[in-house]
Structures are given as C-alpha cells and as structure tokens.
Amino acid sequence: MRVVFVHGACVRDGAWWWRRTAAHLADGGVVCTAPPLPSCGETGRAPGDGGPSLPDDVAAVRAHIAASDEPAVVVAHSYGGVVVSEAAAGLPQVRHLLFVASFLPEAGESLASFGDGAPAPYLDLTPDGTFGVRRELAARTFLQDCAEEDVEQGLARLVRQTAVATAQPVAAAAWRHIPSTYLVCARDNGTPPAVQRALGRRAGRVVEVDAGHHPFLSRPREVASLVLEP
C-alpha cells in the first residue's frame with residue numbers, strides 16, 4: 001500500500017507538511033508521496049489571472065495516482081478534498097479516501113459553495129487574481145497546537161494561490177464510490193468543527209481528534225493509525 005497526500009490551499013511542499021505522519025507509516029513499510037499543486041505555483045507557472053487553477057490541480061493529482069498500479073490510500077487536507085473528489089474518481093488504485101478538515105463537494109460544487117460569498121477574515125485577495133493566508137493570523141488560526149519549529153517552518157511555506165480555483169466546480173465526487181473517512185479536527189480555528197461535522201456526513205464514517213487544522217503535524221501517530229485502519 002502507498003499513501004498519497006494532497007495538501008490544502010495557500011501552501012507548498014506537501015511532503016513537509018505530511019512528514020511527521022509519514023515517519024510513523026515508514027516504520028510499517030508504507031511509502032508516502034505528495035504531488036505538487038499547480039495553482040499554488042509548485043510546478044513553475046505563476047498563480048493568478050490566467051495561471052494554473054483547479055483543473056490543473058486535478059490533472060496533476062490524477063496523473064500522480066495513476067502512475068502506479070499499487071493500491072493507494074489518498075489523504076486530502078482542506079482544499080485538497082476538492083481536488084481529490086474529482087482526481088480520484090474512477091481510479092481502481094484508490095482503495096480509501098481520508099479527508100482531514102476537508103471539503104467534500106458534490107459534482108457541480110466548488111470550494112466557494114461552502115461559504116457565504118465573503119472571504120474568510122484570515123485570507124486576503126489581491127487584484128492579480130491570487131489569494132493567500134494573512135501571515136499575522138496564520139499561526140493562531142491553523143497551527144496553534146503545533147511545535148514552535150513546525151510553526152516557523154510552516155509559515156515559511158505559505159504561498160499565494162490562483163483565486164479562481166475556489167470557484168471552479170468539480171466534475172465528480174469520488175467519495176460517493178470509494179470508501180471514505182472524515183477526520184474532524186475539534187480545535188480547528190480555520191474550518192469550524194461544526195462545519196466539518198456537517199461535511200463528514202457525506203463520508204462513510206467520521207472520526208474526531210482533539211487537534212487543530214494540521215493533526216498530521218500535531219498528532220501524527222494518531223493520524224498514521226487512522227491511515228492504516230482497514
């Protein structure tokens with residue numbers, strides 16, 4: 001089995017975010033990978049108006065998963081759930097989906113479908129067609145229960161992302177056809193736990209952890225155990 005981790009919005013370097021959990025999985029011989037998301041500028045094209053957006057992210061993740069016939073558990077974090085909902089659809093390699101504080105859109109829904117039309121207070125949008133996390137709010141919103149080292153290094157991995165990606169609908173809902181688990185982060189200051197619990201009803205089962213938005217950093221052993229569950 002392998003694990004494919006798809007990171008959330010406005011960050012880069014998924015392997016770094018997943019590394020603490022990956023270390024526990026490696027003890028059992030599980031290989032983890034984390035494909036780059038073009039809309040976050042990870043493939044060389046600058047994000048923004050006319051830049052890479054959700055379809056590019058979907059294509060990149062789908063190609064990454066399909067490149068091997070080895071069975072996979074796909075872990076989607078936050079915005080990553082939007083990407084995975086389309087990217088994993090119809091791929092026989094994908095045996096399970098784990099959504100962490102994530103969004104589970106139906107076909108035809110977008111990330112914006114889950115909001116009220118106004119940007120979250122911890123985000124900023126600029127005229128170049130990108131959005132990002134306000135650095136002064138990032139730690140207490142998303143990393144308040146993480147080690148100081150992870151907070152510092154996580155802040156260094158904040159990036160701007162193509163804003164239109166949040167409004168583009170997905171064409172499929174993989175979680176309707178692939179066994180899925182939703183991990184609610186009960187101390188998340190970014191995506192309210194009540195919202196997560198409502199979204200979790202779309203998944204096959206729901207598990208809750210006493211952690212903030214990044215439990216794979218703050219509670220890696222628990223997340224690794226959840227990945228290994230049948």
Side-chain angles (χ1 to χ4, degrees), residues 6-14 16-17 37-42 46-49 51-54 57 76-85 99-106 109-170 182-202 206 208-219:
V6 181
H7 68 70
C10 302
V11 299
R12 62 173 174 85
D13 193 3
W16 179 88
W17 294 92
L37 297 186
S39 74
C40 291
E42 293 187 284
D49 289 333
S53 56
L54 177 64
D57 292 344
H77 180 232
S78 197
Y79 163 77
V82 178
V83 178
V84 165
S85 288
F99 295 96
V100 182
S102 193
F103 297 92
L104 281 69
E106 290 275 14
E109 291 182 330
S110 67
L111 179 62
S113 301
F114 302 102
D116 59 5
Y122 50 78
L123 298 177
D124 75 283
L125 284 76
T126 50
D128 64 353
T130 66
F131 75 110
V133 176
R134 297 182 185 278
R135 187 179 179 87
E136 69 274 15
L137 300 179
R140 68 173 179 263
T141 303
F142 297 111
L143 297 160
Q144 81 277 12
D145 61 337
C146 295
E148 183 176 347
E149 173 191 11
D150 289 338
V151 173
E152 293 177 358
Q153 295 184 21
L155 292 177
R157 286 169 169 78
L158 295 178
V159 298
R160 301 197 68 77
Q161 184 170 356
T162 303
V164 73
T166 66
Q168 294 169 314
V170 297
Y182 193 101
L183 181 58
V184 173
C185 299
R187 290 201 286 144
D188 194 335
N189 293 330
T191 305
V195 171
Q196 295 181 47
R197 294 179 187 114
L199 288 165
R201 289 197 285 270
R202 292 183 169 184
V206 179
E208 196 156 320
V209 64
D210 185 32
H213 194 65
H214 295 86
F216 36 84
L217 285 176
S218 62
R219 309 291 284 270

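In this chain, residues are counted from 1 in sequence order. Computed from heavy atoms alone, side chains included, the values below leave out hydrogens, waters and symmetry copies.
- Between the side chain of Asn189 and the backbone N or O of Arg140 there is at least one donor-acceptor pair closer than 3.5 Å.
- Residues Arg202 and Glu109 share a closest heavy-atom pair of NH1-OE1, 2.9 Å.
- There is a side-chain donor-acceptor pair under 3.5 Å between Tyr79 and Asp57.
- In this structure, Arg197 and Pro193 have side chains that are in contact, with non-hydrogen atoms separated by less than 4.5 Å.
- Of all non-hydrogen atoms in Tyr122 and Thr141, the two that sit nearest each other are CD2-CG2, 3.7 Å.
- Nearest heavy-atom pair, Phe99 versus Ser85, reported as atom, atom and distance to 0.1 Å: CE2-OG, 4.3 Å.
- Contact record, Leu199 with Ser102: CD1-O, 3.2 Å, taken as the closest heavy-atom pair.
- Counting heavy atoms from C-beta outward, His7 and Cys40 have side chains that approach closer than 4.5 Å.
- Going from atom CG of Leu143 over to atom CG of Leu155 covers 6.0 Å, rounded to the nearest 0.5 Å.
- Residues Val100 and Ser78 form no side-chain contact, since every pair of their non-hydrogen atoms from C-beta on lies 4.5 Å or further apart.
- Annotation for Pro52 and Ala46: closest pair CD-O, 3.3 Å, computed over non-hydrogen atoms.
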Query raised in the report: Do Thr166 and Val82 pass the side-chain contact (heavy atoms from CB on, under 4.5 Å) test, and can you show the C-alpha distance, the side-chain angles, and the key distance before you say yes or no?
Result: CA-CA 9 Å; Thr166 66; Val82 178; over 6 Å; no
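- Atoms NE2 and CH2, from His214 and Trp17 in turn, are 4.5 Å apart once rounded to the nearest 0.5 Å.
- Going from atom CG of Leu217 over to atom CZ of Phe142 covers 13.5 Å, rounded to the nearest 0.5 Å.
- When side chains are defined from C-beta on, Val83 counts as touching Leu54, because their heavy atoms get closer than 4.5 Å.
- Annotation for Glu148: atom CD does not count as buried by contact number, only 12 or fewer foreign heavy atoms lying within 6.0 Å.
- From Asp49, atom CG reaches atom CG of Asp128 across 7.0 Å, with rounding to the nearest 0.5 Å.
- Counting heavy atoms from C-beta on, the side chains of Ser113 and Phe103 never come closer than 4.5 Å.
- Looking at heavy atoms from C-beta onward, Arg187 lies in side-chain contact with Asp145 at the 4.5 angstrom threshold.
- Of the possible donor and acceptor atoms, none in the side chain of Arg219 sits under 3.5 Å from a partner among the backbone N and O of Ala211.
- In this structure, the side chains of Leu183 and Pro215 come closer than 4.5 Å at one or more pairs of heavy atoms.
- The stretch residues 155-167 participates, sequence neighbours left out, in these salt bridge (charged side-chain N to carboxylate O under 4.0 Å, His left out) pairs: Asp13-Arg157, Asp124-Arg160.
- Proximity of Val170 to Ser110: side-chain heavy atoms (C-beta onward) are nowhere separated by under 4.5 Å.
- Put simply, CZ on Phe131 and OG on Ser39 are 7.0 Å apart, with the number rounded to the nearest 0.5 Å.
- Distance SG/Cys10 to CG/Leu158: 8.0 Å, rounded to 0.5 Å.
- Counting only N and O atoms by type, the side chains of Ser53 and Gln168 include a donor and acceptor under 3.5 Å apart.
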Report task. Check the pair Glu208 / Gln196 against side-chain contact (heavy atoms from CB on, under 4.5 Å), numbers first and verdict last. Result -> CA-CA 10 Å; Glu208 196 156 320; Gln196 295 181 47; over 6 Å; no
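- Looking at every heavy atom in both residues, Gly8 comes nearest to Leu37 through O-CD1, 4.4 Å.
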